[in-house]
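In listed order, ligands and their atoms are each counted from 1. Reckoned from all heavy atoms, side chains included, excluding hydrogens, waters and symmetry mates. We count residues from 1, following the sequence as given.
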Amino acid sequence: MKKLNIGLIGCGGRMGGHIKALLEMEDVAVAAVADPIEERRLAAAEKFGCTRIYPGFAELLDHESKATLDALLIAIEPTAHGDCELRAVEMGIPFLVEKPMTVDMELAEQINARIQETGLITAVGFQDRYLNVMEMIKEELPKHPAGGLVYGSWVGGIPGVWWWQKKSTCGGQLVEQNIHLLDGLRWLFGEPLSVYATCSRGMVTPGVDASEEYDTDDHSTAVFRFENNVTATLVSGCYVQKTAPLSVRPNCGLMISLRDTVLDYRLRNNLIIKTADEVRDIAALKDQTYKLDRAFLDAVRSGDPSGIRSPYSDAIKSLRLGFAANRSMETGQVIDLK
Ligand SMILES: NC(=O)c1ccc[n+]([C@@H]2O[C@H](COP(=O)([O-])OP(=O)(O)OC[C@H]3O[C@@H](n4cnc5c(N)ncnc54)[C@H](O)[C@@H]3O)[C@@H](O)[C@H]2O)c1
C-alpha cells in the first residue's frame, strides 16, 4: 500500500501524542516537519528519518505542495495559526488541527467558510469523542429521554506552556482546556439553548504561583441549558497548587444524573455506571489519539470523511460556544443561543 506522506506543523507537547500514534501506523511516512524551535523539529524529524525540515509552517508551505504531502497535522499555540490553515485549504491539503483551532473567531469563521466552499477533508483534535467510554455514554443516553442534570469539571493546576498564562493567548481555561468537556456536552446532548457563566481571579498570584504575566481566570462556572430537560454545569479551575497530592485534587469529568441511572465519567480514565441492580466500572482504553488520527488518515486515503467525528465545521460550534461563555463572564448576561 502506498504510504501517506504527512507534514507535521508544531513539534511541542501535543504533537508528541500524535507522533506516538503515527509511529504505530505502517501506512504513514512523515515527509516534512516544521517548528521554530530547532531542537524540537530535529527531534521529531529524527523519529521518522525525515529530511525536509523547516523553521515554521510558512517555509513548509512555501516548499511543499499537494503533490508532496497528502495531509498535515497542526499542533501550534492558539495565537500562532496566522494563514496556516487558509493556505492549506488553497493548496488542497487536508489537515487535522488541534483545538482550540485559534483564539481569533473571525479567522476561524473565514477558514470554515473556505473549507465549506472547497469540501476539503479536515479534523479537529477533540480526542474524547473517540474514547470507548464516551461512546458508551452516547449509546446509553437515548434510553433516558426524561433528561437530567450534568455536573462537569476540569480542575487542576496551570499548564507550563507560556501561552496558557494569558487569557488573550489561550482564550481562558474553558476555551483552551475544558473545551474538551464542552465539546463532549454538545456531542452527547446536542446544541445548547443558552449559556450563563461567571469567573473569578485572585487565588493565583502572578509571579508566585504562575508567570508574571498570568491574567487568566482562576476558575469559571458555565451553565448550559439543553433541550429535553438537560442542564449542565461545567466548572474549570487552574488554581490547585503544583505540589498538591492526589488526595486534594478533585475528580474531573462528567457526572450525569438521570432518573434511575448515574453515569460517572472520570476524565479519560473510566466510566462508572450505577443503576438499582448493578455498579459497572469500565476502563477507558486510552487509544483515543490513535483513533482520532486513524479516522482522519483513513478519510484522506478513501476520500470519505464520514468516520471523522469532529470536522472543522462541527468543531467551530464548540469554539463559538466557548467564546459565548466568555462573553457571558464579561457581561454578566445570559447568552441566548437559539
Ligand atoms: N487534543 C488535546 O487533547 C490537546 C492536548 C494538549 C494540547 N492541545 C492543543 O495543541 C496545541 C499545541 O499545544 P502544545 O501543548 O503542543 O503547545 P507547545 O507550546 O508545547 O507546542 C506548540 C509548538 O508549536 C510551535 N510553533 C509555534 N509557531 C509555529 C509556526 N509558525 N510553525 C510551526 N510551529 C510553530 C512552537 O514552537 C511549539 O513547539 C494547542 O492548541 C493546545 O490546546 C490539544
So how far is it from [X] [atom1] to [Y] [atom2], rounded to the nearest 0.5 Å?
X	Y	atom1	atom2	value
Thr261	Leu141	OG1	CG	10.0 Å
Glu98	Gln127	CD	CD	7.5 Å
Phe323	Ile316	CZ	CD1	10.5 Å
Thr169	Glu213	OG1	CD	8.0 Å

Query raised in the report: Do any nitrogen or oxygen atoms of Gly13 come within less than 3.5 Å of a nitrogen or oxygen of ligand 1?
Result: yes

Query raised in the report: Do any nitrogen or oxygen atoms of Pro36 lie less than 3.5 angstrom from nitrogen or oxygen atoms of ligand 1?
Result: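 The answer is no, given that Pro36 and ligand 1 share no N or O pair closer than 3.5 Å.
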
Report task. For the pair Thr68 (side chain) and Glu64 (backbone), establish whether a donor and an acceptor sit closer than 3.5 Å, ignoring hydrogens and angles. Result ->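 The answer is no, because no donor-acceptor pair under 3.5 Å joins these two groups.
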
Which protein non-hydrogen atom lies closest to [atom], naming both residue and atom, and how far is it?
atom	result
atom 42 (C) of ligand 1	Glu176 OE2, 3.2 Å
atom 27 (C) of ligand 1	Glu77 OE1, 3.4 Å
atom 9 (C) of ligand 1	Lys99 O, 3.3 Å
atom 3 (O) of ligand 1	Gln127 NE2, 2.5 Å
atom 19 (O) of ligand 1	Trp163 NE1, 3.0 Å
atom 30 (C) of ligand 1	Phe57 CD2, 3.6 Å
atom 16 (O) of ligand 1	Arg14 N, 2.7 Å
atom 21 (O) of ligand 1	Gly12 CA, 3.4 Å

Report summary line: Tested for side-chain hydrogen bond (donor to acceptor under 3.5 Å, both in side chains) against Ser318, the lone hit among His180, Arg186, Lys99 is Arg186

Requested in this report: Compare every heavy atom of Ile308 with every heavy atom of Ala123, then report the nearest pair and how far apart it is.
Outcome: CB-CG2, 3.8 Å

Considering the heavy atoms of [X], write down every atom of ligand 1 situated less than 4.0 Å from one of them.
X	answer
Ala75	12 (C), 22 (C), 23 (C), 24 (O)
Ala80	28 (N)
His180	1 (N), 2 (C), 3 (O)
Gly125	1 (N)
Ile37	37 (O)

Query raised in the report: Would you say Ile272 and Met136 are hydrophobically clustered, going by side-chain heavy atoms of ILVMFWY under 4.5 Å?
Result: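 Different clusters.
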
Query raised in the report: In the single-linkage hydrophobic clustering (I, L, V, M, F, W, Y; side-chain heavy atoms under 4.5 Å), do Val28 and Ile9 co-cluster?
Result: no

Query raised in the report: Got a sec: does the NZ of Lys138 have more than 12 other heavy atoms crowding it under 6.0 Å?
Result: yes

Requested in this report: Mind checking whether Gln177 contacts ligand 1 via backbone (N, CA, C, O), side chain (CB onward), both or neither, at a 4.0 Å heavy-atom cut-off?
Outcome: neither

Query raised in the report: Is it the side chain, the backbone, both or neither of Asp35 that has a heavy atom closer than 4.0 Å to ligand 1?
Result: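 Both of them.
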
Query - Any Trp162 heavy atom less than 4.0 Å to ligand 1 - result: no

Requested in this report: Answer with yes or no whether Met101 contacts ligand 1, where contact means a heavy atom under 4.0 Å from a ligand atom.
Outcome: no

**Report entry** N-O pairing of Arg294 and Asp27 below 4.0 Å
**Finding:**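 Between Asp27 and Arg294 there is a salt bridge, with a charged N closer than 4.0 Å to a carboxylate O.
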
Report summary line: Test side chain to side chain contact (heavy atoms under 4.5 Å, CB included), reference Leu96, set Leu292, Thr122, Ile121, Ile6, output is Leu292

